[in-house]
**Student:** 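Dropping the structure in here first, questions after.
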Number of protein chains: 2
Amino acid sequence: MPRRHDRSVEFHQLRYFVAAAETGSISAAARREHVTQPALSRQVALLETRLGVDLFERKKQRIALTDAGRWFLPKARQMLCDAATSTQQLREHFGKARRTLRIGFLGTFLDDLVAPVVRDLKKKDRSLAVSLFDLAPSAQLERLAAHDLDAAILANLEPRHREQFTVRTLSRHRFAAVVPDAHPLASRSSIALDELRGEDWVSLSDLAFPGRRDFLRAACSAAGFEPRIVAEADSVGLMLGAVAAGEGVAIAPRHSEKLPHAGAAFVALKAPVPAVDLVLVSPRDAMGGETAAFGRALAERAKVLADG
Amino acid sequence: MPRRHDRSVEFHQLRYFVAAAETGSISAAARREHVTQPALSRQVALLETRLGVDLFERKKQRIALTDAGRWFLPKARQMLCDAATSTQQLREHFGKARRTLRIGFLGTFLDDLVAPVVRDLKKKDRSLAVSLFDLAPSAQLERLAAHDLDAAILANLEPRHREQFTVRTLSRHRFAAVVPDAHPLASRSSIALDELRGEDWVSLSDLAFPGRRDFLRAACSAAGFEPRIVAEADSVGLMLGAVAAGEGVAIAPRHSEKLPHAGAAFVALKAPVPAVDLVLVSPRDAMGGETAAFGRALAERAKVLADG
DNA sequence: ACGGGGTCATGCCGAGAAGGCATGATCGCT
DNA sequence: AGCGATCATGCCTTCTCGGCATGACCCCGT
């Protein structure tokens with residue numbers, strides 16, 4: 001008897017879910033995954049029934065992640081990353097597969113930093129294979145330590161990581177304030193950090209973003225106050241959601257404005273603007289030729305972006 | 001067009017592979033997974049072709065893991081663990097699922113420590129749900145920190161983990177020497193540690209077993225010499241394999257003698273015998289009632305074992 | 001207001017995958 | 001040698017997944 005009513009999740013369902021969450025559309029996800037829209041729609045629905053949890057809100061037209069969906073998204077990404085890297089590593093080590101470069105980063109860097117560099121490198125070396133993974137910083141560090149990634153793009157690196165890995169500085173990223181749409185300061189063109197002195201604050205969990213909370217504390221401390229942190233989120237998306245929901249205010253790198261953030265407004269900060277160095281991190285021992293080439297190209301691109 | 005020649009791995013194939021590796025038999029694995037032997041045989045073969053790598057050596061009768069298989073086994077376990085814990089956590093948090101206790105440990109502890117305790121607890125509370133995961137220590141610690149496990153059974157805990165988690169001592173475990181079958185000392189009933197002074201040593205990777213290498217160094221140092229470590233393995237099984245292959249000698253907890261170790265012999269050590277405390281580790285904040293009950297029962301059982 | 005171009009969901013069908021059963025080949029053990 | 005156990009293969013059935021067609025709905029422009 002072929003097993004019925006199977007409650008187990010399948011990899012392709014996770015892929016479809018991630019695609020749908022990232023594109024915010026079933027149709028677009030279907031195009032990306034090279035299947036038809038009904039096929040993907042059904043697999044996502046099946047995933048939801050198997051999990052017993054709704055991942056998307058069907059708002060007649062477009063779809064939106066539920067809280068459960070937002071929570072599950074990074075988990076699904078990690079599962080896919082682990083499956084891809086483990087099997088790839090197995091093929092490379094014990095089989096005849098060619099070396100693949102595996103890069104981790106936050107999704108917001110894909111479009112104008114990582115993707116162009118990868119395109120350029122592939123143009124020069126047609127045989128180059130690259131796998132890209134959108135992961136939370138802590139997940140990147142774990143996989144870096146286990147040699148499941150060749151390089152990761154991070155900020156807010158703690159000292160013990162600086163000595164554990166080789167680090168190359170890419171560019172400096174400035175922060176902006178994020179406040180609810182309804183907030184009196186939302187329409188200002190720029191504000192000083194200490195105007196947010198009395199607010200409730202939303203930060204990022206140290207579990208997913210090591211060092212980020214301390215960075216917030218240090219920035220506020222430089223402005224002469226201590227932030228009252230009332231909530232922590234596991235991802236930038238969840239943090240923006242918390243701000244939109246009125247839980248408090250936050251600071252975020254300016255480029256995260258590209259994430260969906262309905263209900264939350266980005267407002268420029270007056271000098272001194274908090275900023276972090278974006279760095280490329282690799283394991284100390286295994287800095288292969290492709291990794292080094294990628295690092296060089298990435299640093300160059302980052303420099304161009306910073307100048308422009 | 002239904003996709004052909006799919007190279008992607010499926011969860012059930014990983015489950016079957018792990019079952020086959022753990023039981024050392026396709027038939028036994030099939031019984032455990034409630035499918036017929038041909039079904040499981042085929043899925044494992046299919047997995048191998050998709051990976052492009054042989055995971056088992058078919059020795060006419062029984063099967064044995066290849067090096068690739070040994071390397072892949074912990075990876076497969078982690079993928080299954082992550083899928084199980086993530087989906088379960090989702091169901092509990094956002095759905096209507098009952099709380100499940102998630103325990104991590106090394107496979108060698110299952111039979112006489114973990115399994116009996118779980119059986120007893122389930123007898124008392126029929127509604128108790130428990131998930132068990134055979135994971136490398138570092139993997140347990142990661143998942144503990146991310147609240148993907150409720151408790152883990154570990155040894156060789158580093159100070160920073162002792163302060164990060166709550167720790168309960170279970171029992172003391174003594175080590176034995178492990179030498180190749182052909183080694184002159186293999187037939188002795190017991191040896192002193194410093195008789196291995198001049199040998200090449202095999203240890204466990206700090207990546208998978210944090211603190212274990214330092215423990216070996218300290219033990220040898222107490223015996224008055226410095227071990228020349230020529231190889232490191234990612235799992236106890238790989239370490240025993242390395243010893244059997246003649247790469248060197250090692251020390252291992254006596255209970256790991258239950259693992260398959262053809263070609264390697266366990267020899268008792270004379271006093272002072274290196275030993276570690278086995279501890280139950282849980283996140284500081286979330287020590288639920290079931291977790292506490294499990295801890296108590298486990299400590300009791302460990303005490304009985306130590307006395308017996 | 002109404003139709004066209006989007007969205008997502010559902011019904012139906014066919015190809016393929018996965019499982020069961022039966023069988024064959026090989027080895028170990030009595 | 002024969003029995004029992006192992007793993008692999010062939011054949012058949014069932015379920016799944018994906019494609020196509022279609023329907024329901026919404027936004028938008030004429």
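Letters A, B, ... mirror the listed sequences (proteins, then strands); counts begin at 1. What you see below is based on every heavy atom in this structure, not just the backbone, and it leaves out hydrogens, waters and symmetry mates.
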**Student:** With a non-hydrogen cut-off below 4.0 angstrom, is A/Gln37 in contact with a base, only sugar-phosphate, or nothing?
**Tutor:** base
**Student:** Side chain of A/Tyr16 only, please: which of C/dC21, C/dG19, D/dG18 is the nearest?
**Tutor:** D/dG18
**Student:** Would you mind checking if B/Glu92 and B/Arg102 are paired as a salt bridge, meaning a charged N to carboxylate O distance below 4.0 Å?
**Tutor:** no
**Student:** Measuring from the side chain of B/His12 (C-beta onward, heavy atoms only), which nucleotide among D/dA21, C/dT7, C/dG19 has the closest atom?
**Tutor:** C/dG19
**Student:** Do other residues, nucleotides or ligands put more than 12 heavy atoms under 6.0 Å from the CZ atom of A/Arg58?
**Tutor:** yes
**Student:** For the residue pair B/Phe11 and A/Phe11, does the interplanar ring angle fall in the parallel (under 30°), tilted (30 to 60°) or perpendicular (over 60°) class?
**Tutor:** parallel
**Student:** What's the CZ-P distance between A/Arg58 and D/dG23, to the nearest Å?
**Tutor:** 22 Å
**Student:** May I ask you to decide whether A/Arg143 forms a salt bridge with A/Asp82, counting only side-chain N to carboxylate O separations under 4.0 Å?
**Tutor:** yes
**Student:** Categorize B/Arg42 for me: base, sugar-phosphate, or nothing, with a 4.0 angstrom heavy-atom threshold over every strand shown.
**Tutor:** base
**Student:** Base, sugar-phosphate alone, or nothing: which one does B/Leu46 contact when heavy atoms must sit under 4.0 Å apart?
**Tutor:** sugar-phosphate
**Student:** May I have the distance from A/Leu47 (atom CG) to C/dC8 (atom P), rounded to whole angstrom?
**Tutor:** 17 Å
**Student:** Using a cut-off of less than 4.0 Å, is there contact between a side-chain N or O of B/Thr36 and OP1 or OP2 of C/dG19?
**Tutor:** no
**Student:** Measure from the side-chain heavy atoms of B/Ser25 and tell me the nearest of C/dG20, C/dT7, D/dC7.
**Tutor:** D/dC7
**Student:** Show the atom names and distances, to 0.1 Å, of all donor-acceptor pairs under 3.5 Å that link a side chain in residues 258-265 of chain A to residues at least two apart or in another chain.
**Tutor:**
from, atom 1, to, atom 2, distance (Å)
A/Lys258, NZ, A/Thr108, O, 3.2
A/Lys258, NZ, A/Asp112, OD2, 3.0
A/His261, ND1, A/Glu257, O, 3.2
A/His261, ND1, A/Leu259, O, 2.8

**Student:** Could you check how far CZ of B/Arg50 sits from P of C/dG16, rounded to whole Å?
**Tutor:** 14 Å
**Student:** How many Å lie between CZ on B/Arg62 and P on C/dA25, as a whole number?
**Tutor:** 23 Å
**Student:** Whole angstroms only, please: what is the CD1-P distance between A/Ile63 and C/dG6?
**Tutor:** 18 Å
**Student:** Send over the distance from B/Arg15 CZ to C/dG19 P, rounded to a whole Å.
**Tutor:** 9 Å
**Student:** For C/dC8, does either OP1 or OP2 sit under 4.0 Å from a side-chain N or O belonging to A/Ser27?
**Tutor:** yes
**Student:** CD of B/Gln43 versus C1' of D/dC7: gap in Å, rounded?
**Tutor:** 16 Å
**Student:** Can you tell which of D/dA8, D/dC17, D/dG18 lies closest to the side chain of B/Ile26?
**Tutor:** D/dA8
**Student:** If I take atom CG in residue B/Leu40 and atom P in nucleotide C/dA17, what distance separates them, rounded to the nearest angstrom?
**Tutor:** 18 Å
